[in-house]
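Since the structure is predicted, the reported quantities are computational estimates derived from the model, not experimental observations.
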Amino acid sequence: MLPILHPPGIDLNKLMQIQNRIAKNVKREDHLKKLETVAGCDISFAKHNIAWAACVVLDYRTLDPLDQKVEKVRLRFPYIPTFLAFRELEGMLKTARGAEADVYVVGAHGIAHPRRAGLACHLGVILDRPTFGVAKSKLCGDANMPPNRRGSYTLLKDGSETIGAVLRTLPNAKPVYVSVGNKISLKTAIKITLHTTRKHRLPEPIQAAHELATHHAKVASLDPSTPCF
DNA sequence: GCGACAG
DNA sequence: ATCTTGTCGC
């Protein structure tokens, strides 16, 4: 199934070694100097292998927008479960590098990954900044369903190891999966997720980045000759 | 062998 | 991820 999708020359064993190296450098404790700004990172697809990456910076207290970056990116790697970073990290870095923030929220998993090296970990280790992931569905691990109340959560475990939390950001909505990316604790990641979540199931930083990226992807697909800037 | 599988 | 309107329910 998967092998036919792999372009020849891509050695997953080599990529797994890279993931292991990233995982070794992940810090699961808080290293935040302050918490005044939060960034959200996301990528939306236009057509073929063209996509748009977006990073939006919000004021932590008010959630007012402070800054935003958008970049057109070419995806050179296919989507293969557990190897998402090799498809999306490059584009995500282009926008995140230019947007300063105290913490970055990524629409993907952090250490809630078979080798503890989700996209949020790659971004956090490369930038050497606090990051964490908020995903809409599970990649690995086991957890009970949290009670149907905003703010309730259960721990996502892989054997005896805690790799994340299944968090209810809104009542009557499927919970989200929160996990450490780098330089932050799960406890703080959960706190930030709840603080930045308002009318949507996903936290505002990710929601805003997604809308911005999707808007550009749509405009680009309607008129390829439009520079968009 | 079978099921699971971020975006 | 993306293609897509209405519809059921609180």
Separation of D42(A) atom CG from dG7(B) atom P, in whole Å?
-> 9 Å

Identify each atom pair where a protein N or O and an N or O of nucleotides 8-10 of chain C are less than 3.5 Å apart, giving names and distance.
none

Separation of atom CG in L75(A) from atom P in dA6(B), rounded to whole Å | 17 Å

Can any side-chain N or O of D128(A) pair as donor or acceptor with the backbone N or O of G124(A) at less than 3.5 Å?
-> no

Intra- and inter-strand pairs of DNA chain C in dot-bracket (Watson-Crick or G-U wobble, both distances under 3.5 Å; | for another strand) | ..........

Who are the side chain to side chain contact (heavy atoms under 4.5 Å, CB included) partners of R28(A), not counting sequence neighbours?
-> V26(A), I111(A), R116(A), E161(A), V180(A)

Can you tell me if T196(A) uses its side chain to pair, donor with acceptor, with the backbone of P203(A) under 3.5 Å?
-> no

Can you check whether S44(A)'s main-chain N or O pairs, donor with acceptor, with T214(A)'s side chain at less than 3.5 Å?
-> no

List, by chain and number, the other hydrophobic cluster members for F45(A), where Ile, Leu, Val, Met, Phe, Trp and Tyr join if side-chain heavy atoms come within less than 4.5 Å, directly or indirectly.
-> V73(A), L75(A)

Enumerate donor-acceptor pairs with a distance under 3.5 Å from any side-chain N or O in residues 80-87 of chain A to protein atoms, sequence neighbours excluded.
from   : atom 1 : to      : atom 2 : distance (Å)
T82(A) : OG1    : R115(A) : NH2    : 3.1
R87(A) : NH1    : F77(A)  : O      : 2.7

Take atom OH of Y79(A) and atom C1' of dC5(B), then tell me their distance rounded to the nearest Å.
-> 6 Å

Distance check: side-chain N/O of S137(A) vs OP1/OP2 of dG7(B), anything under 4.0 Å?
-> yes

Main-chain N/O of L32(A) paired to D30(A) side chain as donor or acceptor, under 3.5 Å | no

For the side chain of T197(A) and the backbone of L194(A), is there at least one donor-acceptor N/O pair under 3.5 Å apart?
-> no

Can you tell me if T62(A) uses its side chain to pair, donor with acceptor, with the backbone of D64(A) under 3.5 Å?
-> yes

Might you confirm whether atom CG of N144(A) has over 12 heavy atoms from other residues, nucleotides or ligands at distances under 6.0 Å?
-> no

Protein-nucleotide distance (H109(A), atom NE2; dA6(B), atom P), rounded to Å = 7 Å

Is the side chain of R150(A) donor-acceptor paired with the backbone N or O of L170(A) at a distance under 3.5 Å, no angle test?
-> no

Does the pair R76(A)/E90(A) count as a salt bridge with the N-to-O cut at 4.0 Å?
-> yes

For the side chain of H122(A) and the backbone of A117(A), is there at least one donor-acceptor N/O pair under 3.5 Å apart?
-> yes

F86(A) CZ to dA6(B) C1', in whole Å, measures 14 Å

Kindly determine whether Y153(A) and R168(A) satisfy side-chain hydrogen bond (donor to acceptor under 3.5 Å, both in side chains), including the steps that lead there.
-> CA-CA 6 Å; Y153(A) 68 90; R168(A) 195 79 69 172; over 6 Å; no

Just call it for G133(A): base, sugar-phosphate, or nothing, with non-hydrogen atoms closer than 4.0 Å on any strand.
-> nothing

Using a cut-off of strictly less than 4.0 Å between a heavy atom of the residue and any atom of DNA chain B, enumerate the qualifying residues of residues 141-168 of chain A by number.
-> none

Salt bridge (Lys or Arg N to Asp or Glu O under 4.0 Å) contacts in which one or both residues fall within residues 185-207 of chain A, not counting sequence neighbours = none

Please list, by residue number, the residues of residues 113-131 of chain A whose heavy atoms come closer than 4.0 Å to an atom of DNA chain B; answer none if no residue qualifies.
-> H113(A), G118(A), L119(A)

Report all side-chain donor-acceptor pairs from residues 35-42 of chain A shorter than 3.5 Å, counting only partners two or more places apart or in another chain.
from   : atom 1 : to      : atom 2 : distance (Å)
T37(A) : OG1    : D102(A) : N      : 3.0
T37(A) : OG1    : D102(A) : OD2    : 3.4

Could you work out the complete set of other residues in the hydrophobic cluster of M145(A), with links drawn between I, L, V, M, F, W and Y side chains under 4.5 Å apart?
-> none

Produce the list of close N/O pairs, under 3.5 Å, pairing protein atoms with atoms of nucleotides 1-7 of chain C; give distances to one decimal.
from   : atom 1 : to      : atom 2 : distance (Å)
dA1(C) : OP2    : K136(A) : NZ     : 2.1

Structure string for DNA chain B in dot-bracket form, Watson-Crick and G-U at under 3.5 Å, | interchain | .......

Please state whether the rings of H109(A) and Y177(A) are parallel, tilted or perpendicular, taking 30° and 60° as the class boundaries.
-> perpendicular

